[in-house]
Amino acid sequence: IQGYLERKQELQSGGKKATIRSWKLFYTVLCGQLLCFFKDEDDFYDQKAASPPISIHQAKIEIADDYTKKKHVFRVITRDNAEYLFVTESEVNLEEWVTKLGFH
Ligand code: I3P
C-alpha cells in the first residue's frame, strides 16, 4: 500500500515527547515491515527518501479516534515506544492502511 499521508510524531523512541510536532505530508510506502517516506511519487521511483523509515515490526497499529482534531487518523506505536499519527484521505482508506499494517 502507498499514498500521501500527513504524519505527526507524538513520542520519540523511549516514549519521550517529540520535539518536532508539526504535521508533514509524505508519499508513504509500506515496504515489507518498513514504512518509507518520500516527498512525492517521483522521489519514490528515484528512491530518494525524505525521512528515515519506521519499522512496524511488533508495532501497535490502531485507529486514533481519541485524536479529534483531524479525521481518518491512525496511530503507530513502534516496538521502541515511539508514537506517530497518520492522516488518511477517507474512512475506506483508513481501514485499508490499518488492515495492511496490522497484518504484519
Ligand atoms: C505544532 C503544530 C502541530 C500541533 C502541535 C504543535 O507546532 O502546530 O499541528 O499538533 O501541538 O506543537 P509547530 O508547527 O510549531 O511544531 P496538533 O495539530 O495535534 O495540535 P502539540 O505540541 O500540542 O502536539
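Both counts, for ligands and for their atoms, begin at 1 and track the order of listing. Note that these values count all heavy atoms, side chains included, but never hydrogens, waters or copies made by symmetry.
Contact annotation: for Lys70 versus ligand 1, there are no heavy atoms closer than 4.0 Å.
Enclosure of atom NZ in Lys60 is not indicated, since only 12 or fewer non-hydrogen atoms of other residues, nucleotides or ligands lie within 6.0 angstrom.
Within a 4.0 Å radius of atom 21 (P) of ligand 1, the protein contributes at least one heavy atom. Taking a distance limit of 4.0 Å, we find that atom 8 (O) of ligand 1 is approached by no protein heavy atom.
Numbered from 1 in the order shown, with element, the atoms of ligand 1 that lie under 4.0 Å from a heavy atom of Lys69 read 17 (P), 19 (O), 20 (O). When each atom of ligand 1 is checked for a heavy atom of Tyr67 under 4.0 Å away, the hits are 17 (P), 18 (O), 19 (O).
Proximity of Thr28 to Arg7: side-chain heavy atoms (C-beta onward) are nowhere separated by under 4.5 Å.
Cation-pi check for Arg75 over Tyr67 is not met; the charged atom does not lie both under 6.0 angstrom from the ring centroid and within 45 degrees of its normal. Annotation: cation-pi pair Lys69/Trp23 absent, no NZ/CZ under 6.0 Å from the ring centroid and within 45° of its normal.
Of the protein's non-hydrogen atoms, Arg21 CB, 3.8 Å is the one closest to atom 12 (O) of ligand 1. Atom 10 (O) of ligand 1 has its closest protein heavy atom at Lys8 NZ, 3.0 Å. Among protein heavy atoms, the minimum distance from atom 18 (O) of ligand 1 is reached at Trp23 NE1, 3.0 Å. With hydrogens left out, the protein atom closest to atom 14 (O) of ligand 1 is Ser22 CB, 3.1 Å, a heavy atom.
Judged by the shortest distance from any of its heavy atoms, Lys17 lies outside the 4.0 Å radius around the atoms of ligand 1.
Asp40 meets the side-chain contact (heavy atoms from CB on, under 4.5 Å) test with Tyr4, Asp42, Asp43; sequence neighbours excluded.
A distance of 11.0 Å separates NZ in Lys8 from CD in Glu6, rounded to the nearest 0.5 Å.
Of the possible polar contacts, one joining the Arg21 side chain to the Glu10 backbone as a donor-acceptor pair under 3.5 Å is found.
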